[in-house]
Each structure stands twice: as C-alpha cells, then as structure tokens.
Amino acid sequence: MRRGWIEQTAGRLRDGSTTSVTLTRNALDGIEQVNDRLHAFCLVDAEGALTAAERADALLASGREAGLLTGIPIGIKDIIHMAGLPTRAGSPAYPGHPRPADATVVARLRQAGAVLVGKTTTHELACGVYSAPAANPWDITRLPGGSSGGSGAAVAAGVVPMALGSDTGGSIRIPSSVCGIAGLKPTYGRVSRAGVEALAWSLDHIGPLAATVADCAVSLQAIAGHDSADPSTSPKPVPDFAAFLDRGIEGMRIGVLDSGPYSPLQEGVASAFGAAVQVLDSLGAEPVQVHIPELDYTVETEFAIVGPEAAAYHRRLLREQPERISQGVRELLTIGTVVPSSHYLAGLRARRVISDALRSAFERDNLSVMVTPTLPATAAKADQLVFEFDGMVEDVTIAYVRTTAPFNLSAQPALSLPCGFDDEGLPIGLQIAGRPFEEATVLQVGATYEAVAPWVEHRPPIHIEM
C-alpha cells in the first residue's frame with residue numbers, strides 16, 4: 001500500500017522533524033504563491049490557522065494521544081460553515097457576516113486536530129462544473145471541475161493534502177478527475193450535512209478530496225458517523241477504513257460499466273480505463289462486464305430532482321435578489337420553481353428504479369465493486385461549452401454529470417483516482433463504486449490499484465512541495 005501524505009507527515013510531526021506551525025506557514029505561503037493564478041482559496045484565515053497549529057504542536061509535545069490529522073493543514077469548501085467566517089457559497093447574493101457555529105464536519109475536523117487554513121472556491125451555489133474563477137493547476141486555461149473546483153485545485157497544487165467538498169451529481173469526483181487527485185463521495189448518510197448549504201438535499205454528500213486514497217480514508221474516518229443534528233445520517237458503525245487498505249483484491253469480482261452513460265468517451269479516456277481494468281485483473285480481481293439499461297435515464301432523473309430541490313432551498317434568494325445570481329444558475333432555479341410536482345415525483349420514482357437496478361447488479365453478479373471512467377473527457381477549457389465525441393456534440397456539464405450521477409441517485413459510495421493522462425498531459429480518472437456503507441471496500445480497491453500505478457507521482461506545472 002502507498003502511504004498517504006497525511007500518515008507520513010503525522011510521523012514527522014511526532015518525531016519532531018517538523019511542526020504544525022511550519023506546515024501551516026508553508027500552506028499559507030503556498031496560497032500566496034499560487035492563488036493569483038489558481039484562485040483555489042476565496043478566503044484565508046491565517047491567524048486562526050496559526051493559532052490552531054500552535055495548539056497542535058503543544059498537544060504533540062505533551063505526549064498525549066493525538067490523531068493522524070493533528071497539525072495537518074486542510075481547506076474547507078465555501079458552502080460549509082466555519083464559526084467566525086462568512087459562508088458566501090460563491091455568490092454575491094450570500095451575506096458576508098460571520099457564521100456563529102461550525103458545521104458538524106468542521107467541528108469533527110477540529111476535534112481531530114486538523115488546522116483549517118481557509119475556504120476554497122466553489123461554483124456558485126455549488127451548482128455547476130466550472131468553479132470560476134478557480135483554475136486547473138495542470139493548465140490554467142482549463143476548468144478545475146465543480147462544484148468543488150477550488151478544493152481540487154488546492155490539493156493538486158500541493159497547497160493542502162486534503163480539502164472538503166460536496167457532491168450532488170459528481171462535484172467531488174469531477175474535480176478529482178480533472179485535477180489528477182483522489183476524491184471520495186461516501187454513502188448518503190455516512191457523513192453529516194448539518195451546517196452545509198444545500199443544493200439538493202436528497203442527493204448532497206460531503207467528502208474529502210485528497211492527495212492519495214489513504215488520505216481519503218484517514219479524512220473520512222474523522223468526519224463519518226451519526227449526527228443528531230442531521231436526521232439523514234445513519235447509526236451504522238464506522239469501520240477503521242485504513243485497516244482495509246493493504247488487503248489486496250485477490251478474488252474480488254469487479255463489475256465493468258462501459259455502456260449507457262459510459263459511452264461515448266474520448267479516445268484517451270477509453271484507453272486509460274481499459275488499461276486500468278487490465279491492471280485490476282493482473283492484481284487478482286475478476287472483471288465482469290455489466291450492462292444496466294436503466295442508467296440511460298441518469299441525466300433526466302438527476303435534473304428532475306436537482307431543479308425543484310435547489311429552487312425550494314434558494315427560494316428566498318430567488319425572490320429577493322435574483323439579479324445577484326448569475327444567469328445560468330438563476331435559470332436552473334427559476335425552472336425548478338415551475339416544474340410540476342408530478343415531474344419531481346417522477347424523478348424520485350426513476351431514482352428508485354435506477355438505484356434498485358444498480359444494487360441488484362451487485363447481488364446478481366456477486367460484485368465487490370463496479371468500475372467506470374470517472375468522466376468521459378478530460379478538463380475542458382474554462383470557456384468551453386461543449387465536447388465533441390465522434391461527431392456528437394454534448395454540453396460539458398451533461399457530459400461530466402452523466403458518468404458520476406448514477407451513484408448520487410443510488411446513494412452508493414464512489415471514489416475517483418488517477419488512472420492516466422491524455423495526449424495533452426491532462427489527468428484521467430478511474431471511478432470505483434461500492435455497495436452502500438462499504439466505503440472500506442471501495443478504498444481497498446483504490447489503494448491496491450494506486451500502489452502499483454505511477455499516476456499519483458505526477459505533479460502539475462503549478463505545484464509546491466508540502
């Protein structure tokens with residue numbers, strides 16, 4: 001198993017070869033070095049971060065028990081509340097006043113000793129795949145994905161080893177794929193959403209974008225678990241995710257989804273995905289071709305739910321400050337207000353059909369996980385509106401969401417990690433999805449692949465050493 005950056009750095013903190021203050025100053029300096037090009041952070045809390053780093057160093061020096069996140073600098077997507085800081089959600093329509101309390105995930109990260117350096121840029125209202133003005137460290141003319149694009153760019157550039165994101169239709173996995181890092185959308189109900197601005201409450205998930213799969217495992221450990229402030233969270237016990245990472249995949253049956261929304265693909269993506277499946281085969285897994293025709297209706301079902309739920313959540317903004325919401329997001333919200341309830345209910349019924357079909361495939365074929373390309377294409381230009389696949393033109397947002405949204409609709413855990421690069425040197429992602437609440441298995445497969453693949457060692461042109 002490849003050791004994660006967080007685990008390695010935790011060892012250095014404990015043996016005294018570095019300090020949290022040093023790491024935090026490096027992160028703050030890194031933001032200063034690259035943020036004028038990447039715009040990954042929209043708000044930096046240098047004073048609060050250094051104070052937390054000093055506390056972490058004191059704890060480590062005392063010899064008292066400390067977790068792996070103690071003293072580690074991280075970023076927080078700007079839809080997640082941090083006490084004393086505003087939450088602007090990427091929109092001028094949001095108030096700039098400080099929030100009175102932490103979101104549950106933030107409180108748990110603080111409890112785990114993490115140092116929160118600031119807020120990362122999000123696509124407006126977490127509703128899109130571009131995340132302007134954030135840019136991709138592999139090529140600043142290209143988008144970093146969305147809506148957690150700032151988190152993806154910050155991790156890929158080496159500013160922080162982990163940043164929290166949210167995922168309604170792919171917003172953790174899309175930035176992870178185009179930025180060449182790991183990102184995990186947990187099972188719906190595994191992580192609390194209390195204190196997080198919603199997009200579509202029945203599809204929203206919170207999870208980590210991180211340098212490696214192991215870093216995702218450690219981060220999920222800190223934030224997972226039931227929360228009385230969020231009734232949707234599950235009381236299921238939280239396993240030790242890191243304990244599964246070095247168990248290998250010998251004998252696992254792995255479903256390969258390469259039709260329906262997973263076609264068409266850019267040639268480089270198809271080639272990299274095929275090679276990744278061959279690697280999993282060589283590691284002892286048994287690839288099984290799986291076709292699920294119900295997934296053909298993924299995009300229609302996703303947006304039938306997102307529009308009305310987003311419109312309901314943001315109805316006050318839409319009523320009182322419509323001119324302060326960008327045209328594209330405003331149009332989605334406005335449409336959501338006039339969609340008949342029967343259309344929304346049809347979307348909920350279709351989600352159940354898709355979810356049942358995915359879960360039935362796991363049982364029918366005795367699968368441990370399913371694998372797909374995370375996205376059908378690499379990072380689009382920042383002003384690009386469409387992709388062309390063998391003469392077929394497709395909207396960038398639709399192209400990205402069609403391959404990630406199935407697992408939002410089914411509420412299953414899904415991980416993206418690098419599996420190659422296209423001819424232009426842009427990252428390609430492999431998506432691994434599992435049964436509900438089996439994040440440990442998903443991470444196990446991801447870590448096994450990552451340990452033999454060279455991709456995690458590649459660095460973008462804009463990168464600092466943490």
Colleague: Which value, rounded to the nearest 0.5 Å, describes the distance between Leu28 atom CG and Leu50 atom CG?
Modeller: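 If we round to the nearest 0.5 Å, Leu28:CG and Leu50:CG are 5.5 Å apart.
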Colleague: What closest approach, in Å, do Leu257 and Phe407 show between heavy atoms, and which atom pair accounts for it?
Modeller: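 Closest pair (atom of Leu257, atom of Phe407, distance): CD1-CZ, 4.3 Å.
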Colleague: Is Ser219 close to Ile6 at the side-chain level, that is, under 4.5 Å between some pair of heavy atoms?
Modeller: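 Yes - at least one pair of side-chain heavy atoms lies under 4.5 Å apart.
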Colleague: Under 3.5 Å, is there a donor-acceptor pair between the side chain of Ser177 and the main chain of Ile428?
Modeller: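 Absent.
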Colleague: Can you tell me if Ser20 uses its side chain to pair, donor with acceptor, with the backbone of Gly71 under 3.5 Å?
Modeller: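 Yes, Ser20 side chain to Gly71 backbone: donor-acceptor pair under 3.5 Å.
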Colleague: Any side-chain to backbone donor/acceptor pair from Arg459 onto Val456? Under 3.5 Å, distance only.
Modeller: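 Confirmed, Arg459 side chain pairs with Val456 backbone.
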Colleague: Is it the case that the side chains of Glu197 and Thr87 hold a donor-acceptor pair, with the cut-off being a distance below 3.5 Å and no angle test?
Modeller: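 No, Glu197 and Thr87 have no side-chain donor paired with an acceptor closer than 3.5 Å.
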Colleague: Just checking Tyr297: does its OH atom have more than 12 heavy atoms from other residues, nucleotides or ligands closer to it than 6.0 angstrom?
Modeller: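 No, because the 6.0 Å sphere around OH of Tyr297 holds 12 heavy atoms or fewer from other groups.
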Colleague: Donor-acceptor pair, distance only, cut-off 3.5 Å: does the side chain of Arg108 make one with the backbone of Gly225?
Modeller: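 At least one qualifying donor-acceptor pair exists.
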Colleague: Would you compute the distance between atom CG of Leu184 and atom CD1 of Ile432 and round it to the nearest 0.5 angstrom?
Modeller: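 Taking CG in Leu184 and CD1 in Ile432, the distance rounds to 10.0 Å.
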Colleague: Taking the six-membered ring for Trp, are Tyr130 and His123 parallel (under 30°), tilted (30 to 60°) or perpendicular (over 60°)?
Modeller: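 Aromatic pair Tyr130/His123 classed tilted.
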Colleague: Does the side chain of His226 come under 3.5 Å of the side chain of Thr233 through a donor N or O and an acceptor N or O?
Modeller: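 The answer is yes; a qualifying pair exists.
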Colleague: May I ask you to decide if Phe241's main-chain N or O and Gln221's side chain share a donor-acceptor pair within less than 3.5 Å?
Modeller: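 Yes; judged by distance alone, with no hydrogens or angles, the pair exists.
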Colleague: Quick one: does Gln412's side chain get under 4.5 Å of Leu358's, heavy atoms only?
Modeller: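 Yes; the side chains approach each other to less than 4.5 Å.
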Colleague: Looking at every non-hydrogen atom in both residues, tell me the closest pair between Leu209 and Ser176 and how far apart they are.
Modeller: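 Looks like CD2-OG, 3.6 Å.
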Colleague: When you measure from the side chain of His205 to the backbone of Asp167, do you find a donor-acceptor pair of N or O atoms at a distance under 3.5 Å?
Modeller: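 Checked: pair present.
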Colleague: Does a donor on one side chain and an acceptor on the other come within less than 3.5 Å for Arg173 and Asn408?
Modeller: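 Yes, a side-chain donor-acceptor pair sits under 3.5 Å.
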Colleague: Would the number of heavy atoms belonging to other residues, nucleotides or ligands and lying under 6.0 Å from CZ of Arg359 be above 12?
Modeller: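 Atom CZ in Arg359 is crowded, with more than 12 foreign heavy atoms closer than 6.0 Å.
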Colleague: Do Trp5 side-chain atoms and Thr212 backbone N/O form a donor-acceptor pair below 3.5 Å?
Modeller: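 A pair under 3.5 Å: no.
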Colleague: What closest approach, in Å, do Pro133 and Thr121 show between heavy atoms, and which atom pair accounts for it?
Modeller: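 Heavy atoms only, the tightest pair is CD-CG2, 4.1 Å.
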Colleague: When you look at Thr187 and Glu439, which way does the side chain to side chain donor-acceptor pair (under 3.5 Å) test go after all the steps?
Modeller: CA-CA 7 Å; Thr187 308; Glu439 291 89 356; 2.7 Å; yes
Colleague: Please check if the side chain of Thr403 supplies one atom and the backbone of Tyr262 the other of a donor-acceptor pair under 3.5 Å.
Modeller: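 Absent.
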Colleague: Can you tell me which residue among Thr397, Val299, Leu375 is in a side chain to side chain contact (heavy atoms under 4.5 Å, CB included) with Arg402?
Modeller: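 The passing option is Val299.
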Colleague: Kindly say whether Ala194 contributes a backbone atom to a donor-acceptor pair with the side chain of Ser192 at under 3.5 angstrom?
Modeller: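 Yes, because the side chain of Ser192 sits within donor-acceptor range (under 3.5 Å) of the backbone of Ala194.
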Colleague: Please find the pair of heavy atoms, one from Ala312 and one from Trp201, that lie closest to each other, and give the distance.
Modeller: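 Result for this residue pair: CB-CH2, 3.9 Å.
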Colleague: Only one of Leu23, Thr51, Val21, Thr24 forms a side chain to side chain contact (heavy atoms under 4.5 Å, CB included) with Val115, so which one is it?
Modeller: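 When Leu23, Thr51, Val21, Thr24 are each tested with Val115, the side chain to side chain contact (heavy atoms under 4.5 Å, CB included) holds only for Thr24.
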Colleague: Can you run down the side chain to side chain donor-acceptor pair (under 3.5 Å) pairs that involve residues 360-370, sequence neighbours left out, and say none if there aren't any?
Modeller: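 Counting only pairs at least two positions apart or across chains, the side chain to side chain donor-acceptor pair (under 3.5 Å) contacts touching residues 360-370 are Glu363-Arg435.
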Colleague: Once rounded to the nearest 0.5 Å, what's the spacing between atom CD1 of Ile172 and atom OG of Ser151?
Modeller: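 Going from CD1 on Ile172 over to OG on Ser151, the span is 8.5 Å.
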Colleague: Measure across Thr448 and Ile249 and return the closest heavy-atom pair with its distance rounded to 0.1 Å.
Modeller: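 Heavy atoms of Thr448 and Ile249 come nearest at OG1-CG2, 3.7 Å.
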Colleague: Decide yes or no on salt bridge (Lys or Arg N to Asp or Glu O under 4.0 Å) for Lys119 and Asp78, but give the supporting numbers first.
Modeller: CA-CA 5 Å; Lys119 294 289 201 78; Asp78 191 28; 2.9 Å; yes
Colleague: So does Arg352 pair up with Asp356, basic N to acidic O under 4.0 Å?
Modeller: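 Salt bridge: yes.
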Colleague: Walk me through it: do Tyr449 and Val279 pass the test side-chain contact (heavy atoms from CB on, under 4.5 Å)?
Modeller: CA-CA 7 Å; Tyr449 173 81; Val279 170; 3.7 Å; yes
Colleague: Could you tell me which non-hydrogen atom of Asn136 sits nearest to which non-hydrogen atom of Leu143, and how far apart they are?
Modeller: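 Nearest heavy atoms, Asn136 then Leu143: ND2-O, 3.1 Å.
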Colleague: Quick one: pull up CD1 in Ile80 and CG in Leu164 and give me the separation to the nearest 0.5 Å.
Modeller: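 Spacing of CD1 (Ile80) from CG (Leu164) equals 5.0 Å.
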Colleague: Using a distance-only test with no angle check, is there a side-chain donor-acceptor pair under 3.5 angstrom linking Ser166 and Asp204?
Modeller: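 No pair is found: no donor N or O on one side chain lies under 3.5 Å from an acceptor on the other.
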Colleague: Do you see a donor-acceptor pair shorter than 3.5 Å between the side chains of Ser202 and Glu309?
Modeller: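 Yes.
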Colleague: Is it true that, when you exclude Gln111 itself, more than 12 heavy atoms of the residues, nucleotides or ligands shown sit nearer than 6.0 Å to its CD?
Modeller: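 It does not: Gln111 CD has 12 such atoms or fewer within range.
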Colleague: Using a 6.0 Å distance limit plus a 45 degree cone around the ring axis, check whether Arg247 lies over the aromatic ring of Phe244.
Modeller: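 Here Arg247 passes the 6.0 Å and 45° test against Phe244.
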Colleague: Could you go through the side-chain contact (heavy atoms from CB on, under 4.5 Å) check for Leu13 and Ile72 one step at a time?
Modeller: CA-CA 9 Å; Leu13 284 165; Ile72 302 294; 4.1 Å; yes
Colleague: Using the side chain to side chain contact (heavy atoms under 4.5 Å, CB included) rule, pick out the option among Asp215, Val155, Leu116 that qualifies with Ile74.
Modeller: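 That would be Leu116.
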Colleague: Does Arg12 CZ have over 12 foreign heavy atoms under 6.0 Å away?
Modeller: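 Atom CZ in Arg12 is packed in, count exceeds 12.
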Colleague: Is it true that a side-chain atom of Glu286 and a backbone atom of Gly251 form a donor plus acceptor pair closer than 3.5 Å?
Modeller: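 No, the answer is negative, given that no donor and acceptor are paired below the 3.5 Å cut-off.
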Colleague: Side chains of Thr120 and Lys77: do they bring a donor and an acceptor to under 3.5 Å?
Modeller: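 No.
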Colleague: Under a 3.5 Å cutoff, is there a donor and acceptor pairing between the side chains of Arg193 and Tyr188?
Modeller: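 Distance-only check passes for Arg193 and Tyr188.
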Colleague: Between atom CZ of Arg190 and atom NZ of Lys185, what is the distance when rounded to the nearest 0.5 Å?
Modeller: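 It comes to 11.5 Å.
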Colleague: Rounded to the nearest 0.5 Å, what separation is found between the CE atom of Met370 and the OG atom of Ser410?
Modeller: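 If we round to the nearest 0.5 Å, Met370:CE and Ser410:OG are 8.5 Å apart.
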Colleague: If you measure only the distance, is there a donor-acceptor pair under 3.5 Å linking the side chains of Gln431 and Ser416?
Modeller: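 Result is no, nothing qualifies.
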Colleague: Within the 3.5 Å criterion, strictly below it, is a donor on Thr22 or Thr19 matched to an acceptor on the partner's side chain?
Modeller: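 Side-chain D/A pair, Thr22 to Thr19: present.
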